[in-house]
Trainee: 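Before I ask anything, here is the structure I am working with.
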Amino acid sequence: MGMPDARHPAAAFAVAFCLAAGTALAETKIALVIGNAAYAAAPLRNPVNDANAMAARLRAAGFEVTLRTDVTQREFTRSVSQFGQALKPGSVALFYYAGHGMQVRGRNFLVPVDADIQSEASARSESVDLDLVLEQLGPARLSVVILDACRNNPFEGKFRSTRGSGLAQVDAPKGTLLAYATAPGKVASDGDGANGLYTAELLKAMQIPGAKVEEVFKAVRVNVIKATAGEQIPWESSSLTGDYYFSPVPARAEGDKARREVDATQAQMQAKLDAERQAREKDARALKAEMEKLREEVRRLSAAAAPAATVPAPEAKAPPPATKPPAERAKPAPAKRTDEPKTAAIEKKGAPSPATLSSSPSPKLRDAVAEEWKRRLAVLESERGRLTLSKAAAILFAPLSDEQLTALVEKERSLKNLPFSTAFALGFDATGNVRSWVTWNESTIGFAEETARNRCTQNSAARCAVVMLNGQFREAEFLAWAQGTNGGNLGRMRMAFLRTRTGR
């Protein structure tokens with residue numbers, strides 16, 4: 001059959017309708033797929049395989065795909081720029097990346113294979129900023145950015161301020177879905193098979209008939225959570241305003257079946273998330289109970305160890321004669337501070353406060369500092385056989401707020417939950433601040449202890465002590481460590497101990 005004569009009104013309408021339908025069916029879909037594995041310092045197993053498999057799946061779904069593997073920084077940035085130039089108004093854009101990724105001060109960077117990263121500054125100059133990719137998506141009506149880039153960061157130890165591994169949370173620009181292999185700040189499995197775990201599940205889910213793009217990633221999340229027993233939870237940030245399907249919508253009967261499968265998958269995922277929420281709430285209640293118990297125990301020991309006599313306050317000069325104007329003489333005394341910690345302190349009324357102990361150069365007060373520290377050590381000695389890390393630290397560094405007591409309990413819990421073999425060492429830096437070093441997942445407990453002690457010795461200005469081994473508190477080592485100082489600036493020591501990390 002030939003085309004209708006466009007000069008006839010009905011024929012003209014038919015021509016316009018056919019052209020519009022043809023335009024919709026021929027929607028432009030552009031994809032850039034990059035897989036980096038051949039890193040000199042930390043090669044990966046699966047990103048190139050993942051990129052090849054993803055490129056094939058996208059081509060089957062009608063995408064024009066540009067595939068790049070093991071790219072240098074120059075090749076990476078050029079490919080991203082060309083990707084942006086290829087996008088036309090109203091097109092569908094998809095960017096997929098597998099390889100090393102990192103966050104530096106809240107910004108995400110994708111790492112080329114030739115990156116030489118020695119510091120945070122070089123991470124910015126040697127890598128590709130994720131924002132560069134997002135800037136290219138403007139013309140597209142719908143964009144999908146997939147980042148299987150949350151493997152362990154081999155460069156993290158060279159950064160001062162990097163907190164945790166994985167990528168930072170980023171809000172998706174309008175019309176964009178950002179998909180991460182795992183939750184912000186977490187790491188993902190590189191996988192033992194032909195593909196990484198996340199990409200393997202994504203390749204399967206993209207074939208679910210009639211599933212919207214959001215439903216595809218929900219199905220991926222459920223299956224990855226199941227495969228990792230909750231250790232890896234894929235995550236998305238979406239601001240999509242339209243629908244997209246990787247697989248065409250099937251006939252009604254098949255579509256209903258596919259919908260039921262998607263609904264069942266979502267129900268399983270919701271049940272898993274509800275169970276995790278209940279577990280977190282239960283853990284929070286247990287943590288609060290532990291903190292309350294610790295607070296009461298410190299209060300009891302405070303009363304039992306209260307000093308018999310008060311320590312003299314610093315000498316003060318006699319006040320000058322009352323020659324000030326009456327209005328000034330009548331000026332009320334400053335209001336008493338009400339922001340002191342709620343927890344009972346070991347220091348009782350008449351004993352110097354930590355601020356007073358540490359801020360005055362008076363010899364009398366310096367002696368008071370030393371005496372107060374000895375008293376705290378004596379309380380620790382009296383509790384031998386009943387101490388935990390959190391209890392010992394609470395006695396030594398009181399007064400502590402409820403929040404600080406909770407932080408102590410959480411610190412001890414996290415040390416106990418590290419994979420064996422693990423060791424936790426304490427030391428002091430040149431200014432008297434507390435420093436800590438921890439090692440875990442070592443071959444033997446002896447090697448873990450030796451590694452933690454060596455790290456401490458190389459960086460500490462005073463005696464080092466390994467105070468926990470495989471989650472077990474070592475009283476004698478902790479006491480020996482505490483006896484290595486006279487208390488110094490107690491307030492500063494308290495804050496430094498609370499800030500000590502339980503990571504490497």
Side-chain angles (χ1 to χ4, degrees), residues 29-87 92-102 108-117 123 125-137 143-155 165-167 178-182 187-207 220 224 234 246:
K29 297 187 284 188
I30 307 292
L32 173 60
V33 177
I34 295 178
N36 283 347
Y39 296 94
L44 293 170
R45 174 189 176 95
N46 283 320
V48 171
N49 295 340
D50 293 341
N52 286 323
M54 181 57 64
R57 178 72 68 238
L58 291 172
R59 289 191 180 106
F63 278 84
E64 299 175 21
V65 180
T66 299
L67 172 63
R68 298 282 185 267
T69 57
D70 290 333
V71 294
T72 64
Q73 186 190 37
R74 184 176 181 181
E75 293 168 339
F76 204 139
T77 54
R78 179 179 295 170
S79 297
V80 169
S81 177
Q82 292 172 346
F83 172 57
Q85 293 171 10
L87 295 177
V92 173
L94 188 144
F95 174 80
Y96 172 89
Y97 174 76
H100 279 308
M102 70 183 74
N108 291 325
F109 294 87
L110 310 180
V111 185
V113 294
D114 64 340
D116 182 15
I117 297 175
S125 63
E126 296 281 330
S127 301
V128 175
D129 195 330
L130 177 61
D131 286 349
L132 175 65
V133 177
L134 300 180
E135 289 168 3
Q136 309 301 313
L137 305 177
S143 302
V144 179
V145 176
I146 304 170
L147 301 173
D148 195 353
C150 308
R151 277 86 168 179
N152 284 315
N153 177 8
F155 314 105
S165 301
L167 299 177
L178 273 170
Y180 297 80
T182 190
V187 295
S189 170
D190 190 31
D192 296 323
N195 296 109
L197 174 61
Y198 176 77
T199 294
E201 293 300 334
L202 178 56
L203 291 169
K204 296 176 188 175
M206 289 169 68
Q207 299 182 81
V220 173
V224 171
F246 285 109

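For reference, positions follow the sequence shown, starting with 1. Quantities reported herein were computed from a predicted structural model and do not represent experimental measurements.
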Trainee: Using the ring-ring contact (aromatic ring centres under 6.0 Å, His included) criterion, which residues pair with Y96? Sequence neighbours excluded.
Mentor: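 Residues passing ring-ring contact (aromatic ring centres under 6.0 Å, His included) with Y96: none at all.
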
Trainee: Would you say the side-chain atoms of N195 and D50 include a donor-acceptor pair closer than 3.5 Å?
Mentor: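 Yes.
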
Trainee: For a quick test of reading the model, state the closest non-hydrogen atom pair linking A53 to L203 and the distance between them.
Mentor: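 Taking every non-hydrogen atom into account, CB-CD1, 3.6 Å.
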
Trainee: Apply side-chain contact (heavy atoms from CB on, under 4.5 Å) to F83 and L137, showing your working.
Mentor: CA-CA 9 Å; F83 172 57; L137 305 177; 3.8 Å; yes

Trainee: How close do A61 and F246 get, heavy atom to heavy atom, and via which atoms?
Mentor: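 Closest approach of A61 to F246, heavy atoms only: CB-O, 3.7 Å.
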
Trainee: Using side-chain heavy atoms (C-beta onward) and a distance below 4.5 Å, is V133 in contact with L32?
Mentor: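 SC-SC contact between V133 and L32 ruled out.
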
Trainee: Which distance, rounded to the nearest 0.5 Å, do you find between the CG of D129 and the CG of L134?
Mentor: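 One gets 8.5 Å once the value is rounded to the nearest 0.5 Å.
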
Trainee: Ignoring hydrogens, what is the shortest heavy-atom contact between A51 and T69? Give both atom names and the distance.
Mentor: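 Result for this residue pair: CB-CG2, 4.4 Å.
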
Trainee: Can you tell me how far apart OH (Y97) and CD1 (I146) are? Round to the nearest 0.5 Å.
Mentor: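 One gets 14.5 Å once the value is rounded to the nearest 0.5 Å.
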
Trainee: I need the single residue from V111, I117, D114 that forms a side chain to side chain contact (heavy atoms under 4.5 Å, CB included) with E126. Which is it?
Mentor: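 With E126 as partner, V111, I117, D114 yield a single side chain to side chain contact (heavy atoms under 4.5 Å, CB included), made by I117.
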
Trainee: Check whether Y39 reaches the backbone of H100 with its side chain - one donor and one acceptor, N or O, closer than 3.5 Å.
Mentor: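 Here the side-chain-to-backbone pair exists.
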
Trainee: Check for a donor-acceptor pair, side chain of S81 on one end and backbone N or O of T77 on the other, with a separation under 3.5 Å.
Mentor: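 Not at all, since once roles are kept as given, no pair shorter than 3.5 Å links the two residues.
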
Trainee: Start with the C-alpha gap between L202 and M54, add the side-chain angles, then the distance that decides, and say whether side-chain contact (heavy atoms from CB on, under 4.5 Å) holds.
Mentor: CA-CA 9 Å; L202 178 56; M54 181 57 64; 3.6 Å; yes

Trainee: Which atoms form the tightest heavy-atom contact between T72 and V113, and what is the distance?
Mentor: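 Closest heavy-atom pair between T72 and V113: N-CG2, 4.2 Å.
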
Trainee: What distance do I30 atom CD1 and T66 atom OG1 have between them, rounded to the nearest 0.5 Å?
Mentor: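 Those atoms lie 7.5 Å apart.
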
Trainee: Between CG of D148 and CG of N46, what distance do you get to the nearest 0.5 Å?
Mentor: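 One finds 9.0 Å between CG of D148 and CG of N46.
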
Trainee: In plain terms, say whether K204 and E201 are close enough for a salt bridge, that is, a side-chain N and a carboxylate O under 4.0 Å apart.
Mentor: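 Looking at E201 together with K204, the answer is yes, because their closest N to O distance falls below 4.0 Å.
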
Trainee: Find the distance between CZ (F76) and OG (S127) and round it off to the nearest 0.5 Å.
Mentor: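 These two atoms lie 9.0 Å from each other.
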
Trainee: Check Q136 against L87 and note the closest heavy-atom contact, atom names and distance.
Mentor: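 Looking at all heavy atoms of both residues, the shortest contact is O-CD1, 3.3 Å.
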
Trainee: Nearest 0.5 Å, please: how far is CG in N36 from CG in L110?
Mentor: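 Reported value, rounded in 0.5 Å steps: 9.0 Å.
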
